[in-house]
Amino acid sequence: MGYQILLICVLAFVPTILGRGTIILGHDTTMGTIVIDGTKTIAETDENFVCLTLDIWPHDECRWSKLCVWDGHASMLNLDLTLPILNKAVQVRIRVGGTLQDKLIYNVGAGFKGTCHPFQAIVGSLFDFSVGCLYMERWDDLNQFFNNTGAIVTFGLNALLGKHNTKGIQWEGKWNYSNAEALIQYTVEKNYRINSWEFGNELVGRISIGASITAAQYAEDLLKLREIVDRLYNNSQQKPLIVAPGAFFDEAWYDEFVRKTGPKVVDVLTHHIYNMGAGHDPKLIYRFVNSTYLSQVSNTFEQLENVIQKNAPWAAAWVGEAGGAYQGGSPHLSDTFINSFWYLDQLGMASLYNTKVYCRQTLIGGFYGVLKSSTLLPTPDYYGALLFHRLMGPGVLKINNKVSSDLRSYAHCSRGRSGVTLLLINLSNTTDFLITIQNDMNMSVRKSNTRTNGYDLKYRQKRTALREEYHLTPKDGLLRSSTVLLNGNPLETTKEGDIPNLVPVYRHSNSYIHMASWSIAFVVIPDFVAPACK
């Protein structure tokens, strides 16, 4: 019978993904209502919430590493910054940093200028590489690129310089800050605009990668960085933020760290997330469409928010790096449509917990780049990120969704205009949803059955306008397709290398929103009365 499969649906259905993402579809339809409270925001993101990363690896990483995911010119050290598609694609915040940032020397300052060299493989050393070099000519080129694209930049500093390995992965000793200070001084003198300096990468807590530093020592080092930034930017109108620790969240470590640094030393507490598992895990694909699994990471967001509220109310929470699957991502998954389920869902979820910035690993490089390293063509995740950036404003709204756990839903104030924007994700491959949107204020007015100062007339939703819908589905219905359809049309760069126009379809505001099985949609409702969004 080949691939002919008889599905008997009685009480449950087991999702099936065949081969390279062939979908076995059911045609059940569920109708339901989602209620949005537009009277107040429950959280707020930064205006530039969506962020992409540039990592640090030598171009010949495949010669030395078993992973072999960074070969080619895809790191900040060797990426061709003149490529037109690259300049056109960078429309969001950029974070520069990664594993080897803590082995990177800057070719500037006494004792360092003229003495550093490119990365070389040294088996047995930290990360199996020697110390590498960032030449100031490359730093100049990078800053010209950032300026041309309008990128808001976070740069990761080497936090290990001066320290030594004592036992296991523990590193001790005071930070040698002279090289970082020289780079910052050079940056100030050149009038380069760096939004934030990040200190270290994955060096702390229970899940340190390669090296680990105590909270007490990290706090002492960061106090020195604070002094350097305050002194060198003393006359600057825009003083960069200090971001730390760029690690996997460990509540006890983070709690001790902010208590030891004290008020207004660290501006941003940043953490990394790779909650989907290893890139080679055969079970990975099923986690992308498992609502229960996707929700588990909310505990991390909540715990970090609690640490900030209790001990660091002056600080903001960022996701400094998130790639879904670790070890460079997963081939034939991380760059395809199915990856957008966890990614866009996590953007929405992070927003609920006052996460100000969310940096996706990576802009380019590894299997999880939103631009493919070989062609620089955008993946489905790139277009999803761009839609989120353009449509979802900073104000996060409370949403009541009892339709189905498979229908993930998030609501924000629309960016730059009135009304609200929803992100809807249908994780079911057996059920379509027909959704109506209800304003919580209308329900409150009807329940009170009063007319006070004409408010019930004001709060009644006038659903005569049109809404915008942006429906994302995979080409040919294949979840592992690297081509995404917007309202049925493939998104492809133009012959000139331009990003295509993202054109919505228009529906009457009082009509149903149809969510096809295994699809994603952004829905803009301009006439939704939301006082919190004015």
Side-chain angles (χ1 to χ4, degrees), residues 3-34 276 283-295 324 332-333 335-349 379-381 383-384 387-388 399 401-411 422-437 467-491 504-505 507 511-523:
Y3 285 102
Q4 295 180 356
I5 300 175
L6 175 63
L7 298 179
I8 302 176
C9 301
V10 182
L11 297 175
F13 177 85
V14 179
T16 305
I17 305 172
L18 299 177
R20 293 180 59 80
T22 304
I23 306 171
I24 297 178
L25 289 175
H27 296 285
D28 294 337
T29 300
T30 295
M31 301 177 68
T33 299
I34 290 176
M276 303 309 294
K283 297 180 180 178
L284 185 66
I285 191 170
Y286 299 100
R287 296 179 188 135
F288 292 142
V289 292
N290 185 321
S291 180
T292 301
Y293 189 89
L294 293 180
S295 294
H332 312 303
L333 280 182
D335 60 352
T336 67
F337 180 82
I338 194 171
N339 203 65
S340 294
F341 286 129
W342 80 261
Y343 174 43
L344 294 179
D345 184 72
Q346 205 163 103
L347 284 178
M349 185 187 302
T379 68
D381 283 356
Y383 292 111
L387 283 168
F388 197 107
I399 194 167
N401 171 13
K402 295 182 179 179
V403 180
S404 170
S405 61
D406 284 332
L407 182 65
R408 315 282 283 187
S409 55
Y410 304 94
L422 287 87
L423 167 60
L424 301 174
I425 304 171
N426 186 357
L427 298 176
S428 174
N429 68 334
T430 61
T431 303
D432 289 10
F433 294 102
L434 290 177
I435 303 301
T436 56
I437 304 301
R467 67 169 181 260
E468 301 173 10
E469 296 185 6
Y470 302 79
H471 291 268
L472 302 175
T473 52
K475 184 180 180 181
D476 299 325
L478 302 177
L479 285 185
R480 295 192 187 189
S481 173
S482 59
T483 299
V484 61
L485 307 182
L486 174 60
N487 299 320
N489 301 308
L491 289 175
V505 293
R507 310 285 189 202
S511 62
Y512 289 105
I513 299 170
H514 176 216
M515 287 298 299
S517 56
W518 273 347
S519 70
I520 299 167
F522 291 88
V523 181

Taking the side chain as C-beta and beyond, is there a heavy-atom pair between Ile34 and Leu424 under 4.5 Å? yes

Start with the C-alpha distance between Ser404 and Thr431, add both sets of side-chain angles, then the distance that settles side-chain contact (heavy atoms from CB on, under 4.5 Å), and finish with yes or no. CA-CA 10 Å; Ser404 170; Thr431 303; over 6 Å; no

Please report the interatomic distance OH(Tyr512) to OG1(Thr29), rounded to the nearest 0.5 Å. 11.5 Å

Just by distance, do the side chain of Asp335 and the backbone of Ser482 share a donor-acceptor pair under 3.5 Å? no

Compare all side-chain heavy atoms of Ile285 with those of Arg480 and state whether any distance is below 4.5 angstrom. yes

CG/Leu491 to CG/Leu387 distance, rounded to the nearest 0.5 angstrom? 8.0 Å

Expected output: side-chain Asn339 to main-chain Asp381 donor-acceptor under 3.5 Å: no

Would you give the length of the straight line joining atom OG1 of Thr483 to atom CG of Asp476, rounded to the nearest 0.5 angstrom? 8.5 Å

Answer yes or no: is there a donor N or O on one side and an acceptor on the other, between the side chain of Asp406 and the main chain of Leu427, under 3.5 Å? no

So, Asp345 side chain and Ser295 main chain: donor-acceptor pair closer than 3.5 Å or not? no

Please check if the side chain of Arg467 supplies one atom and the backbone of Ser511 the other of a donor-acceptor pair under 3.5 Å. yes

Start with the C-alpha distance between Asn429 and Ser517, add both sets of side-chain angles, then the distance that settles side chain to side chain donor-acceptor pair (under 3.5 Å), and finish with yes or no. CA-CA 5 Å; Asn429 68 334; Ser517 56; over 6 Å; no

Locate the shortest heavy-atom distance separating Phe341 from Phe288; write the atom from each residue and the value. CB-O, 3.3 Å

Is Tyr410 close to Leu344 at the side-chain level, that is, under 4.5 Å between some pair of heavy atoms? no

Within the 4.5 Å heavy-atom criterion, are Thr336 and Leu479 side-chain neighbours or not? no

Interatomic spacing from CZ in Phe337 to CG in Leu472 - rounded to 0.5 Å: 6.0 Å

For a side-chain contact (heavy atoms from CB on, under 4.5 Å) check, start with the C-alpha distance between Ile435 and Leu422, then their side-chain angles and the critical distance, and finish with the verdict. CA-CA 12 Å; Ile435 303 301; Leu422 287 87; over 6 Å; no

Test Tyr383 against Leu486 for side-chain contact (heavy atoms from CB on, under 4.5 Å), laying out the working first. CA-CA 9 Å; Tyr383 292 111; Leu486 174 60; over 6 Å; no

What's the verdict on side chain to side chain donor-acceptor pair (under 3.5 Å) for Thr436 and Thr33, showing C-alpha distance, side-chain angles and the deciding distance? CA-CA 5 Å; Thr436 56; Thr33 299; 2.9 Å; yes

Euclidean distance, Asn487 CG relative to Glu468 CD, rounded to 0.5 Å: 10.5 Å

Tell me if a side-chain donor or acceptor on Arg408 pairs with a main-chain N or O of Ser291 at a distance below 3.5 Å. yes

Arg287 and Met276: which non-hydrogen atoms are nearest, and at how many Å? NH1-O, 2.7 Å

Qualifying residue for side chain to side chain contact (heavy atoms under 4.5 Å, CB included) with Ser519, from Ile425, Thr473, Leu485: Thr473

